[in-house]
Amino acid sequence: MIELTVPGDKSISHRALILACLADGESQIEGLLVSADTEATASCLRALGADVPALSNGSLVVRGAVAWSPSGEVLNCANSGTTARLLTGLAVGLGLGVTVDGDSSLQRRPMDRVVYPLQAMGGQIAYSGSRDRLPITIQPRASGDLRPLRHRGRIPSAQVKSSLLLAGLASRTRVEVWEPWPSRDHTEILFAQHGAPIVKFKAERGHAARFDPDGWDGLLRPISWRVPADISSAAYLLAASLCGTHPVAIGGVGLNPTRLGLLTVLRDMGARIESTETGSAGGEPIGRLTAEPSTLRPFHIREALVPSLIDEIPLLCALATRAAGVSRLDGAAELRVKESDRIARIADNLGALGVRCEVRPDGLSVHGTEGPLAGRVETGGDHRIAMAFGVLASLPGSRIEIDDRACVAVSYPDFWSDLARLLPCAEAPVGL
Ligand code: S3P
């Protein structure tokens, strides 16, 4: 059994930094993810006046009760959708006048989903270029004079939910967000850890989270805690074990139920995977995951499961090439507006490797194949495409070239060396 560790959870790390800046005192965070995406959040928070030290996965002390700076900053969110959506909500809530921008990938991703509800709260936000796209400019205003919001989202999105809840928290305004299926609830958990009044509930109409400051003393307490390891990063190592020759064990992994769709699908595929809860960290369950080489069957992923494995779909589609039969993904149109159009990227790259697949607007079917794969993968700078195909490229017998191996720095800078512990070809790719 090879024992490995993976870095801190990306979604939780963004939220940990933001909430620590809002808290009344010093928070101590261990195990934070240090990657291009979390660096983007840290540098934007600094631009707003926060005292965020150089990021480290050791013990990071963040002083809250920030004297938020006056207006005019440009927040460069680089490649990070979570940074852009969450900090837009935060800036509106704090009444800060800022411009929010990002790299060319982020500039292609939709913003209406947060801009409309924030405008309904009274936020004054304008698109500087094309509608629905960054950059956007937020006008300064007195914090606290926003209108309460009840938002009903058509698609589940933790980024939208978190953006609106942060606008509510920062302005002490009631916000309720409804979703058809539950998206990841790290924001709600961290609000509660810091002492902010938040409730989650479920009704026929879907799932809701409500921040209601009525009767609250307004104090956000600082906390000391450890960020769970990222199940979305562990996923690649589990896959490498399933398709390789070594069993693997990964400890301290976040096992939040809203993130476990991967395990459900892998088990349906016949994967020999075990998960054991060992405790909790920052209100999140954590545990140990193990995997062993397995014979895989095809999957059928339906819409209701998609939010719980949205970031693992490129990897599952890569694994589908190693299963005997046709795997099918439905109800995943959201994949088209991620760091790349992931449905198109997966299909094009599988095609380039000689794998048959059929593409639909909201999903695709992948025909498993037996032989080793060969061809050139174009990542479009998308870290999850690079890592998903990176697993296939590192399997013995593969002759796959990945055009941009460096883009893994967005979420998992040590990906290639960690993968090489299970699949030695990962560090010395065979190429074409
Ligand atoms: C995230 C939510 C998901 C996910 C993204 C991170 C978050 O996006 O795909 O990688 O941290 O809230 P959506 O909210 O757009 O579904």
Side-chain angles (χ1 to χ4, degrees), residues 7-19 32-33 35-38 40-41 77-90 102 105-106 108-115 117 132 134 151 153-166 177-191 207 209 227-228 230-233 235-236 254 256 258-262 282 284 301 303-316 331-343 345 362 382-388 407-408 410-412:
D9 188 278
K10 179 157 82 71
S11 291
I12 299 176
S13 295
H14 288 294
R15 289 153 171 84
L17 290 172
I18 297 170
L19 269 292
L32 191 97
L33 170 68
S35 77
D37 266 19
T38 53
T41 289
C77 303
N79 191 247
S80 175
T82 306
T83 308
R85 272 82 176 245
L86 270 56
L87 293 190
T88 296
L90 180 74
S105 151
L106 194 53
R108 285 192 292 271
R109 300 181 64 184
M111 287 299 288
D112 277 353
R113 53 184 62 197
V114 292
V115 166
D132 198 18
L134 292 178
H151 176 71
R154 202 177 34 80
I155 38 155
S157 165
Q159 291 180 357
V160 172
K161 177 176 61 179
S162 304
S163 175
L164 305 180
L165 290 173
L166 282 169
V177 184
W178 285 83
E179 306 179 291
W181 294 287
S183 64
R184 61 193 67 188
D185 61 356
H186 306 304
T187 301
E188 295 90 308
I189 291 173
L190 215 43
F191 268 42
H207 299 255
V227 174
D230 198 329
I231 191 167
S232 296
S233 299
Y236 303 101
N256 181 313
T258 62
R259 299 280 298 277
L260 298 186
L262 169 79
E284 302 263 354
I301 299 172
E303 190 174 18
L305 200 60
V306 166
S308 67
L309 47 64
I310 183 82
D311 295 334
E312 286 66 76
I313 290 173
L315 175 67
L316 286 166
E334 270 298 291
L335 282 186
R336 294 205 178 268
V337 290
K338 293 294 178 188
E339 286 83 331
S340 67
D341 174 343
R342 286 188 177 157
I343 292 183
R345 280 275 152 220
D362 69 339
D382 184 332
H383 57 132
R384 299 213 187 274
I385 298 290
M387 292 189 281
C407 66
V408 303
V410 159
S411 63
Y412 192 171

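Whatever order the structure lists them in is the order used to number ligands and atoms, beginning at 1.
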Worksheet entry | Region of His186 engaging ligand 1 - heavy atom pairs below 4.0 Å | neither
Worksheet entry | Min side-chain heavy-atom separation Arg184-Lys161 under 4.5 Å | no
Worksheet, complete the sentence: Short version for Lys161: what comes under 4.0 Å of ligand 1, heavy atoms counted, is neither
Discussion item. Under a 4.0 angstrom heavy-atom cut-off, which atoms of ligand 1 come close to Thr82?
Written reply: 1 (C), 6 (C), 7 (C), 11 (O)
Worksheet item: Under 4.0 Å between a Lys/Arg side-chain N and an Asp/Glu carboxylate O for Lys10 and Asp230?
Response: no
Worksheet item: Between Pro307, Ser411, Ser157, which one has a non-hydrogen atom sitting closest to atom 14 (O) of ligand 1?
Response: Ser157
Item to complete: Inspect the contact between Arg15 and Glu188 and indicate whether a charged nitrogen and a carboxylate oxygen are less than 4.0 angstrom apart.
Response: no
Discussion item. For atom 7 (C) of ligand 1, tell me which residue out of Arg259, Lys10, His14, Arg15 has the closest non-hydrogen atom.
Written reply: Arg15
Worksheet entry | Salt-bridge present (Asp185, Arg259; N to O < 4.0 Å) | no
Worksheet item: Which atoms of ligand 1 are found less than 4.0 Å from any heavy atom of Ile310?
Response: 9 (O)
Practice prompt. Any atoms of ligand 1 less than 4.0 Å from a non-hydrogen atom of Ser11? List them with their elements.
Written response: 1 (C), 6 (C), 7 (C), 11 (O)
Worksheet item: Counting each atom of ligand 1 from 1 as listed, which ones have a heavy atom of Lys338 under 4.0 Å away?
Response: 3 (C), 4 (C), 8 (O), 9 (O), 13 (P), 15 (O), 16 (O)
Worksheet, complete the sentence: Atoms of ligand 1 under 4.0 Å from any heavy atom of Ala158, numbered from 1 in the order shown, are 12 (O), 14 (O)
